[in-house]
Amino acid sequence: MVTIQETELREGILSAIRLAKETVQPVLVSEVQKIADIDPFSFFNAGREQFLGERFFWKDPDSRHIIAGLGNCRLIQHDGVRGRFTKTEKEWNRFIETAVILDEYKTSGTGPLMFGGFSFDPLKEKTGLWSKFSDSHFHVPKYMLTVAGGQAYFTSNVICTQHDDADLYEKVLQERQIILLAQKQPVLPMPALQEVIEIAPEEWKESVSELVRELKDSPLKKVVLARELRLRFSKAAEAESVLFRLLKEQQGSFIFAFESNGDCFIGATPERLVKKEGNSVFSACLAGSIGRGADSDSDEKLGRSLLEDQKNLIEHQYVVDMIREAMEETCDEVIIPATPQLMKMKYIQHLYTPVIGKNRRGTPIFSLVDRLHPTPALGGLPKKLAVEKIREMERLDRGYYAAPLGWLDHNGNGEFAVAIRSALLQGEEASLFAGCGIVADSDADSEYRETSIKFRPMLNAFGGNNL
Ligand SMILES: C=C(O[C@@H]1C=C(C(=O)O)C=C[C@H]1O)C(=O)O
Ligand SMILES: [Mg+2]
C-alpha cells in the first residue's frame with residue numbers, strides 16, 4: 001500500500017481559496033510528495049476507470065523522466081498559427097504565477113507541469129482526423145506520478161475558486177486515496193487486427209518521383225514526405241495494451257501516449273527535438289536510415305554502409321546545419337561532433353548526431369521549439385519552402401505526427417520529442433504514419449521500403465504483421 005504522510009495541503013488550499021476570493025481568479029495549489037515506488041504504467045492503467053480520455057504517459061529513452069498524468073485541472077489550447085508558441089507560453093506563465101507550490105524537493109518534471117504539443121502544420125487543410133486535438137494542446141493533470149532519477153514523486157494539482165471552502169481538501173484527499181490504492185489492472189490483449197489499409201501507396205511513390213525531378217533544379221534541397229496506414233480491429237483497442245507492448249519492445253525510445261476527447265496519440269520515437277534542464281539544452285540530428293541485419297555481421301555491414309553512403313550523409317547534414325544555426329541563435333556554446341554515429345533501434349538504424357548547448361539566459365524552451373520545428377528531418381530544407389511543399393503535395397493530414405510533443409514544468413525545464421513512429425488510436429481504428437527525407441538522389445521504391453520499416457514498431461505494437 002502507498003501512503004502519503006503529513007500534508008500541508010489543507011493550509012495551501014485554504015490560502016489559495018482566500019487568494020481566489022480576492023482576485024476572483026482560480027488559483028492552483030500544487031503539492032509534491034515523495035512516495036514509495038509505484039510503477040508508472042500501472043498508475044496510468046489504474047487511472048482508466050476515473051480518468052479515461054484525460055491521461056498521458058511519457059518516458060524518455062534513458063528513463064530519466066517517466067511521467068504519467070491523470071485528469072485535467074487545466075486545458076491550454078489554441079487553434080491557428082499566429083503566435084501559438086508564445087500564446088501557450090503566456091497562458092501557462094499566467095496560470096502558474098499565482099500558484100501555491102508545496103514542494104521541498106524541486107526535482108524537474110514534478111509540481112505544476114503541462115503535457116502536450118503542437119500540430120505539425122496549422123496551415124494544412126484539416127480533414128477531421130485530428131478533430132480531438134487543437135493546433136496547440138496541453139493538459140495540466142490533476143494527479144501525476146513522476147519517476148526521476150529512480151525516485152517516485154506524486155504531484156496533486158488542485159484548482160481553488162472563490163466558491164470553494166475547506167470541503168475541497170476532504171474531496172481531494174478522498175480522490176487521491178482512491179487513485180493511490182487502485183489495484184493493478186490486467187492489461188487486455190489487443191483485439192484482432194482485421195484490416196491493414198495502405199493509403200495510396202502508388203500515388204505516394206509517384207509523388208516521390210515527381211519531387212525528386214523537382215529537387216534536381218530547385219532551391220529546395222530536401223522534403224520529407226509521409227504516408228498513412230489505416231488499421232481496423234475487431235473491437236475497440238485500449239491505449240494501455242499498445243503502451244504495454246511499446247514499453248516492452250521499444251526501450252530505447254521516447255514512449256508517449258496522449259489522450260484527448262476519446263482519441264489517443266501514441267508512439268515510440270527515437271528523436272528528441274529539444275530538452276532543457278537548467279541552462280543546458282540538448283537536441284538531436286537524426287536522419288539517414290537503413291534496416292537491421294539478421295545477424296551481427298550483416299548488421300555491422302549495414303551500419304558501415306550507412307555511415308559511408310553519400311545520399312544518407314547529405315540527408316543527415318542538412319539537419320545538422322539547420323539545428324546548428326537554430327541553436328547558435330539562442331545558445332552561447334554549441335557542441336556538435338563533426339561526424340554522425342549510428343543509433344540502432346529494433347528494426348532500423350539511423351545516422352545520429354547529438355547536440356549540446358548552453359542556453360543564453362532567459363530563452364524559454366518554446367522559443368527553441370519554435371525555432372527548431374520542423375527540422376529538416378521532418379520538414380525539409382529550406383524550412384518554409386519545404387513545409388509549403390508538404391502542404392501542397394502530401395495527401396496526409398499529419399496532425400501531431402512528426403510534431404513536437406512533450407512537457408514543460410513550472411521552472412522552465414522540459415523536453416519535447418519529435419512524434420514519429422506514432423499512431424492515432426480511435427476506438428476500433430487507428431492511423432499509423434511514416435515518412436522519409438527525399439533528396440535529389442532519392443529513389444521512390446527504396447524510400448517506400450524505408451517507410452515500411454518505419455511502420456513496423458507501431459504495427460507490431462498493434463498486433464500486426466510486417467508489411
Ligand atoms: C519521418 C520519419 O523519420 C525521420 C526520417 C528519417 C530518414 O528519412 O532517414 C530518419 C529519421 C527521422 O528523422 C518517420 O519515421 O516517419
Ligand atoms: Mg531517409
Side-chain angles (χ1 to χ4, degrees), residues 61 120-121 199 204 208 211-212 215 221-229 250 252-254 256 265 267-274 283-292 302-303 305-307 309-320 322-323 340-355 372-381 386-387 390 394 396 398-405 416-424 431-459 461 467:
F120 181 83
D121 174 15
I199 311 282
W204 188 83
V208 173
L211 180 61
V212 166
L215 290 180
K221 300 283 171 245
K222 173 177 174 179
V223 178
V224 176
L225 287 183
R227 59 190 191 93
E228 178 181 353
L229 295 184
Q250 297 296 328
S253 297
F254 292 90
F256 62 86
F265 182 45
T269 172
E271 191 161 345
R272 167 184 287 148
L273 183 65
V274 63
S283 184
C285 313
L286 195 77
S289 314
I290 205 161
R292 298 294 307 264
L302 284 170
S305 72
L306 179 62
L307 283 168
D309 182 70
Q310 278 314 305
K311 181 254 175 192
N312 278 287
L313 285 168
I314 289 171
E315 199 183 322
H316 185 79
Q317 193 58 39
Y318 290 147
V319 182
V320 177
M322 181 271 183
I323 292 188
Q341 61 196 71
L342 293 174
M343 181 189 274
K344 290 181 187 271
M345 313 307 296
K346 191 165 180 183
Y347 304 109
I348 197 163
Q349 31 193 335
H350 294 300
L351 294 177
Y352 166 59
T353 305
V355 179
L372 289 167
H373 172 75
T375 74
L378 294 308
L381 197 78
V387 172
I390 295 168
E394 216 173 57
L396 182 68
R398 287 192 181 195
Y400 272 61
Y401 158 72
L405 190 91
F416 284 80
V418 176
I420 49 173
R421 321 289 148 84
S422 56
L424 178 66
S431 280
L432 273 54
F433 311 95
C436 50
I438 310 301
V439 292
D441 256 0
S442 285
D443 164 68
D445 285 319
S446 77
E447 298 293 1
Y448 172 81
R449 283 193 296 276
E450 190 173 309
T451 49
S452 299
I453 302 176
K454 288 169 175 166
F455 280 125
R456 284 181 66 181
M458 291 313 291
L459 202 50
L467 278 182

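Start at 1 and go down the list; that is how both ligands and their atoms are numbered. One is the number of the first residue; the rest follow in order along the sequence.
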For Ala377, the ligand 1 atoms with a heavy-atom partner under 4.0 Å come out as 4 (C), 5 (C), 13 (O)
If you compare Ala419, Pro374, Ser289 by their heavy atoms, the one closest to atom 10 (C) of ligand 1 turns out to be Ser289
### Task
Could you tell me whether Leu286 and ligand 1 have an N or O pair separated by under 3.5 Å?
yes
Item checked: ligand 1 contacted by Ala226 (non-hydrogen, < 4.0 Å) -> no
### Message
Ring centroids only, cut at 6.0 angstrom: are Phe265 and Phe256 within range, meaning strictly under it?
### Response
yes
Quick look: Leu378 vs ligand 1, heavy-atom contacts under 4.0 Å, and the answer is side chain
Looking only at non-hydrogen atoms, the one of Phe433, Phe455, Tyr401 nearest atom 16 (O) of ligand 1 is Tyr401
May I ask you to check if ligand 1 and Val224 share an N or O to N or O distance below 3.5 Å? no
Glu447 near ligand 1, heavy-atom distance under 4.0 Å?
-> no
Here the gap from Ile438 atom CD1 to Glu447 atom CD, rounded to the nearest 0.5 Å, amounts to 4.0 Å
In terms of its nearest heavy atom to atom 7 (C) of ligand 1, the top option of Met345, Lys454, Met458 is Lys454
Does Gly288 have a heavy atom less than 4.0 Å from any atom of ligand 1? yes
Excluding waters, which are neither shown nor counted, protein N/O/S atoms under 2.8 Å from the Mg ion (ligand 2) come to 2
In ligand 1, the atoms that come under 4.0 Å of a heavy atom of Arg421 are 3 (O), 11 (C), 12 (C), 14 (C), 15 (O)
Note to self: Walk me through whether His316 and Tyr352 qualify under ring pair (Phe, Tyr, Trp, His ring centres under 6.0 Å).
What the structure shows: CA-CA 8 Å; His316 185 79; Tyr352 166 59; 8.2 Å; no
In ligand 1, the atoms that come under 4.0 Å of a heavy atom of Glu450 are 7 (C), 8 (O), 9 (O)
